[in-house]
Amino acid sequence: MLDIERIRNDPEGVRQNLARRRNELYLKQFTELLAIDRDWRKAQQDASDLRRQRNAIAREFSEAKKAGKATDGLARQAEAIPAQLTELEAREAVFEARRRELLMALPNLLDDSVPYGKDDTENQVAREWGERREAPKDLPPHGEFLESHQMGDFERARKVSGAGFYYLEGPMVLLDMAVQRFAMDLLVRKGFTPVIPPYMLRRAPYEGVTDLADFENVMYRIEGEDLYLIATSEHPIAALFMGEILEEDRLPLRWAGISPCFRKEIGGHGVDQKGAFRVHQFHKIEQFVFCQPEDSPRIHEELLSNAEEFLQRLGLAYRVVNVCTGDLGVVAAKKYDIEGWFPRQKQYRELVSCSNCTDYQARRLGIRTGKQGKPGKGVPHTLNSTMVATPRTLVALVESFATEDGRIGIPEVLRPYLGGLHELPAPVAR
RNA sequence: GCUGAGGUAGCCUAGUCCGGUAAGGCGCUGGCCUUGAAAGCCAGUGGCGCAAGCCUCGGGAGUUCAAAUCUCCCCCUCAGCGCCA
């Protein structure tokens, strides 16, 4: 949610920023918001003028009564007020509701360093790291590879749950856990606090953390309950301090979330291939930070470099892209994606998304900053970044470290988590 | 799911039966005092508004000149019971 003060003080600056998103709707909504805000304040004024009259009469009434004087005259004076007030308040409520609707619909302001572009094809490559490996000639798609080695079952997952679900089996499960544990350990060493959040959220906190369109397109809802399966642990962690005041001296707060993530994504490209790349359910280790506004650009880079370090230590080649205006979501002011190199597909594909949401989420959630028991007027910034998402990252590992004879090398840093195992499929011990 | 108790300002609490416009404490800020600090004492300390003023007692509706207080509906939390990995 945008800061209404800022909108009132610098409407043209805000409009120009919104215009960079090249979405006519936002500009229309913004124009309407300016008008509605004025109408709302006027309606508020009218209603409070009438309340002042009412209160004055009520006070006189009270005093007259205490003094034992007659109150009939006062009662007659006040007779008409409640009905008038009801009308004025109804008017005020209409404006207020629309004003809130518009405020909730408008996206975050873009950081100046976000490049202009129409869609994800125009994201700006910031840098590349690592050797782009080549896949062995006969390497099958990872789905087939996993099925043929009894490390996954996508056919039966479709039978019982539908496309986009999977059974991961055997050593792949251990690899999945190893990758997560390695990522978590790395973050803990950097001072992040591990957190297992709720996997479902109520609507109210959820509206604070995400684009309202996600309720239609992304989130699964529990039937008959006010609960949604989380699409990422970013969401429950952001909502953690809803309505609270954060102690300034204790910022920044760094969290390392671990959770499954559930996504419908019918608004996206659908589930586009067999396997474990684009799925309705996955696991993610997430970085999340609450900080003072002046620190967020620096911490944004820090989160990015944590995710890069993780990929470097696995030996996975990647590139960092600065996500352009046309591909940036509603909530972020600036976003980097890290795209891993997938040797069999011969292309970079998204593994990490690293966003600075500035004060947008915090304001929607009613989170403020304050000092030693004093409620402050400050609003913290929030940032989030993938550390690792599985099984997608496992697909990158499979494609990157597959050998000619159909085995998969295990990066050295993961071996301690796998009892020293060097490659998959492991010799079966019975 | 059932029964009961609750939701009041940054935090804790009183007020609710019996309607009259949020009391007190903690914390915080300033002042007095002190070599300094603590203690003690005094004052200030929710939101909006240029201001007069208005709003704020979980949310909404109603009764009333007037609602934290009365009526109705809803939400949430806790405790006990039930169920349960």
Side-chain angles (χ1 to χ4, degrees), chain A residues 1-9 11 33-34 36-104 196 198-208 221-228 236 239-251 253 259-260 290 292 359 362-380:
Chain A
M1 191 157 74
L2 301 181
D3 181 4
I4 191 69
E5 297 277 327
R6 178 162 178 185
I7 291 173
R8 287 171 188 160
N9 293 336
L33 175 64
L34 289 176
I36 286 280
D37 186 50
R38 272 192 298 272
D39 293 346
W40 173 65
R41 295 172 89 183
K42 175 70 170 59
Q44 235 182 356
Q45 190 62 248
D46 294 346
S48 78
D49 284 345
L50 192 57
R51 277 191 214 104
R52 189 184 61 217
Q53 282 182 45
R54 181 200 63 189
N55 291 348
I57 293 172
R59 260 190 300 273
E60 278 184 64
F61 199 102
S62 177
E63 275 160 33
K65 221 166 172 194
K66 268 186 227 156
K69 294 186 195 153
T71 54
D72 302 9
L74 286 167
R76 227 172 302 117
Q77 259 186 66
E79 221 168 15
I81 292 183
Q84 283 174 34
L85 193 58
T86 301
E87 204 183 309
L88 285 175
E89 281 173 342
R91 193 176 143 77
E92 182 187 343
V94 168
F95 288 135
E96 187 180 1
R98 182 59 182 159
R99 175 181 176 273
R100 181 175 166 75
E101 215 172 275
L102 290 165
L103 267 172
M104 289 297 279
I196 296 175
Y199 298 159
M200 300 179 208
L201 285 183
R202 291 190 182 130
R203 174 114 192 176
Y206 227 136
E207 285 186 350
R221 180 178 184 172
I222 305 298
E223 188 180 352
E225 311 250 352
D226 178 25
L227 284 173
Y228 296 81
L240 176 59
F241 296 116
M242 176 172 71
E244 296 191 34
I245 292 165
L246 301 181
E247 191 71 38
E248 285 174 16
D249 296 340
R250 298 190 55 195
L251 299 177
L253 298 174
S259 83
F290 297 91
Q292 292 282 50
D359 59 3
R363 183 168 285 110
R364 282 165 87 109
L365 288 163
I367 303 174
R368 289 167 295 165
T369 57
K371 254 190 133 161
Q372 294 168 316
K374 277 203 300 185
K377 294 192 84 175
V379 178

Between A:R52 and A:D49, is there a salt bridge with N-O shorter than 4.0 Å?
-> yes
Under 4.0 angstrom between A:R59 side-chain N/O and B:G20 OP1 or OP2 =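 No, A:R59 has no side-chain N/O under 4.0 Å of OP1/OP2 on B:G20.
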Could you tell me whether the phosphate oxygens of B:G53, OP1 or OP2, come under 4.0 Å of any side-chain nitrogen or oxygen in A:N55?
->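 No, outside the criterion.
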Treat primed atoms plus P, OP1 and OP2 as sugar-phosphate and everything else as base, then score nucleotides 59-78 of chain B 5' to 3': B for base contact with protein heavy atoms under 4.0 Å, S for sugar-phosphate contact only, - for none.
-> ------BS---------SS-
Whenever both distances are under 3.5 Å in a Watson-Crick or G-U wobble pair, mark it; put RNA chain B into dot-bracket that way, with [ ] for crossing pairs and | when the partner is on another strand.
-> ((((((((.[[[..)....(...]]]((((((.......))))))(((....)))..[[[[[..)....]]]]])))))))....
Testing B:G49, B:G53, B:C55 for proximity to the side chain of A:R52, the answer is B:G53
Out of B:G49, B:C55, B:A52, minimum distance to the side chain of A:Q45 belongs to B:A52
Could you check how far [atom1] of [X] sits from [atom2] of [N], rounded to whole Å?
X     : N     : atom1 : atom2 : result
A:L88 : B:G53 : CG    : C1'   : 16 Å
A:R51 : B:A52 : CZ    : P     : 17 Å
A:Q44 : B:A51 : CD    : P     : 14 Å

Taking only the [atom1] atom of each, what is the distance from [N] to [M] in whole angstrom?
N     : M     : atom1 : answer
B:C54 : B:U21 : P     : 14 Å
B:C48 : B:G10 : P     : 11 Å
B:C55 : B:A61 : P     : 15 Å

For A:R203, the salt bridge (charged side-chain N to carboxylate O under 4.0 Å, His left out) test, sequence neighbours excluded, returns A:E207
Using a cut-off of 4.0 Å on non-hydrogen atoms, how would the nucleic acid contact of A:Q53 be classed: base, sugar-phosphate, or nothing?
-> nothing
